[in-house]
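Each remark here refers to the structure printed beneath this line.
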Amino acid sequence: MKKRTKEILDILDQQFGTEYKCYLNYETPWQLLAATMLSAQCTDARVNIVTKDLFQKYTSPGDIAAADLKELEEDIRPTGFYHNKAKNLIACMKDIHEKYHDEVPSTLEELTSLAGVGRKTANVIRGNIYHDPSVVVDTHVKRISRRLGFTTNEDPEKIEQDLMKELPKDHWILYNIQIIQFGRTICTARSPKCGECSLQKYCEEYKIKGKV
DNA sequence: CTCCCGATAT
DNA sequence: ATATCAGGAG
C-alpha cells in the first residue's frame, strides 16, 4: 500500500471509527437485501422510514413474494422508482423463498441473478452479511474516490477494480462504510465543506479548483 | 444511452 | 428551478 493511501485510511479510521456499522436498518439478511434494493437513488434516511413499516407488514420473503403489486408500490412509493422496485422486490423475494428456501445467497453470481440486484447491492450483502471482502461502488464511493485520486474512471466496475488494487483487502468494506458517512456529512456532491475537511491536502479537485 | 421517480438541499 | 440521493435493467 502506498504511504499516501495509508495516511488517508488512518485519517478515515480516526474520524469515522473502525466499526462495521451499516446505515440501513435491518434485522435479517433478506431485510438488508430489500433495504439495499430500495436505496437506489434515495437517501438511506428515507429508506429507513419506509422499511420500518414495511418489515412489520411483511415479515418474510414469502410475504413480499405474495404481496399485491399495487399495494406494495404504495408501501414503498417515497423511495422513488416504485414501479420497478416493487416489481423487482416481488420477483426477487419469490426466488429467495422458493429457490433458496428463505436464505440470501452469498455469491456474486447468484445475487446478481436476482431481479433488481446489481453489483453494488450484491457486494453490500457479501460484505455486511457474509464478511467477504468486497468493494462497494455507490455514488459516494465513486465521487470521493475520484476526488482522492484513487481512480479516474467513471464506470463503477472499473472503479471497483482500481480500489481493489489501491486498498488493502481488510479495509475494503470499512472504506465503503466510512466514505458514505464522510460523503453525507462533509464531502457532499453539491457544496462540499472543504473548510472542515481532514483530507483536503489529498483532494485532487481541491488542488485544481481551490475549492470544489 | 435512456428510462425509472419521490423528496430534499441548494 | 435544478442537482442529488447507498442503482439497475432494457
Side-chain angles (χ1 to χ4, degrees), chain A residues 12 16 19-26 29-54 69-96 104 108-129 134-147 151 153-160 163 172-196 205 209 211-212:
Chain A
L12 287 173
F16 299 102
E19 192 189 343
Y20 284 36
K21 188 179 183 309
C22 183
Y23 293 94
L24 292 170
N25 296 335
Y26 70 97
W30 75 264
Q31 289 183 349
L32 178 61
L33 179 59
T36 309
M37 290 171 71
L38 291 176
S39 74
Q41 299 294 291
C42 178
T43 60
D44 50 357
R46 186 148 305 282
V47 173
N48 287 334
I49 293 172
V50 167
T51 54
K52 187 179 178 190
D53 293 331
L54 192 72
L69 178 59
K70 293 297 174 190
E71 192 174 335
L72 185 59
E73 283 182 357
E74 290 311 309
D75 293 332
I76 65 168
R77 178 186 270 267
T79 66
F81 298 154
Y82 58 92
H83 292 298
N84 286 337
K85 287 177 181 175
K87 185 155 51 72
N88 287 333
L89 270 177
I90 289 175
C92 174
M93 291 304 158
K94 182 177 162 66
D95 259 8
I96 298 286
V104 177
L108 189 62
E109 192 179 353
E110 288 173 310
L111 284 163
T112 53
S113 77
L114 297 165
V117 178
R119 230 183 150 76
K120 178 256 170 177
T121 301
N123 280 330
V124 167
I125 297 298
R126 279 160 42 76
N128 286 278
I129 302 297
S134 52
V135 170
V136 176
V137 181
D138 55 47
T139 183
H140 295 297
V141 169
K142 174 180 178 180
R143 179 180 70 252
I144 293 167
S145 296
R146 286 170 57 82
R147 285 178 178 170
T151 181
N153 279 306
E154 286 281 352
D155 176 38
E157 199 167 333
K158 288 183 181 171
I159 295 175
E160 192 182 318
L163 289 175
W172 287 359
I173 301 171
L174 195 55
Y175 176 77
N176 169 253
I177 290 170
Q178 292 169 334
I179 289 298
I180 287 168
Q181 191 62 356
F182 180 46
R184 291 197 323 182
T185 56
I186 297 171
C187 194
T188 53
R190 262 230 237 180
S191 57
K193 297 169 182 161
C194 300
E196 348 176 345
E205 263 185 59
K209 301 180 184 175
K211 174 166 178 30
V212 179

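Hydrogens, waters and symmetry mates play no part in the numbers below; they use all other heavy atoms, side chains included. Each chain gets a letter, A, B and so on, in the order its sequence line appears, and its residues count up from 1.
Note: CZ (A:R184) to C1' (B:dA9) measures 14 Å, nearest angstrom. One can place CD of A:E160 at 14 Å from C1' of C:dA6, the figure rounded to the nearest angstrom. Rounded to whole angstrom, the span from the CD1 atom of A:I125 across to the C1' atom of C:dA6 amounts to 12 Å. Rounded to an integer number of Å, the gap from A:N176 CG to C:dG7 C1' is 14 Å. Whole-Å rounding puts the A:F182 CZ to C:dA6 P distance at 15 Å. When the C1' atom of C:dG7 is taken as reference, atom CG of A:L89 falls 13 Å away, rounded to whole Å. The nearest whole Å value for the distance from the CG atom in A:L111 to the C1' atom in C:dG8 is 14 Å. Following rounding to the nearest Å, A:Q31 (CD) and C:dA6 (P) show an atom-to-atom distance of 20 Å.
Remark: A:T51 OG1 to A:I76 CD1 distance equals 11.5 Å, nearest 0.5 Å. Rounded to the nearest 0.5 angstrom, A:T121 OG1 and A:D138 CG are separated by 10.0 Å. Note that OH of A:Y23 is 4.0 Å distant from CD of A:Q181, once rounded to the nearest 0.5 Å. Distance check: A:N128 CG to A:K21 NZ gives 11.5 Å after rounding to the nearest 0.5 Å.
Checking A:Y26 against A:T36 by side-chain atom types alone, no donor-acceptor pair falls below 3.5 Å.
Among the protein residues, A:T139 comes within range of the sugar-phosphate backbone only, with heavy atoms under 4.0 Å from sugar or phosphate atoms but none that close to a base. Counting any heavy atom pair closer than 4.0 Å across all strands shown, A:N88 reaches no nucleic acid atom. Residue A:V117 is classed as a sugar-phosphate contact, given heavy-atom separations below 4.0 Å to backbone atoms only.
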Exercise. Using a cut-off of 4.0 Å between protein heavy atoms and nucleotide atoms, how would you tag nucleotides 3-8 of chain B 5' to 3' with B, S and -?
Worked result: -BBBSS
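In this structure, the side chain of A:R119 does not engage the main chain of A:V137 through any donor-acceptor pair within 3.5 Å.
Using a 4.0 Å cut-off, some side-chain N or O of A:T121 falls inside it from OP1 or OP2 of C:dG8. Applying the 4.0 Å criterion to OP1 and OP2 of C:dC5, one finds that A:R143 has a side-chain N or O inside that range.
Rounded to a whole angstrom, the distance from the P atom of B:dT10 to that of C:dA6 is 13 Å. Taking atom C1' in both C:dC5 and B:dC5, the straight-line distance is 12 Å, to the nearest Å.
Nearest heavy atom pair, residue A:V50 against residue A:D75, reads CG1-O, 3.5 Å.
Remark: the A:R190 side chain and the C:dT4 base include no donor-acceptor N/O pair separated by less than 3.5 Å.
Remark on DNA chain C: of its neighbouring residues A:G116 and A:S39, the 5'-side contact belongs to A:S39, judged by nearest-heavy-atom nucleotide. Map A:L32 and A:L114 each onto its nearest nucleotide of DNA chain C; the residue landing nearer the 5' end is A:L32.
Proximity of A:M37 to A:L33: side-chain heavy atoms (C-beta onward) are separated by under 4.5 Å at one or more points.
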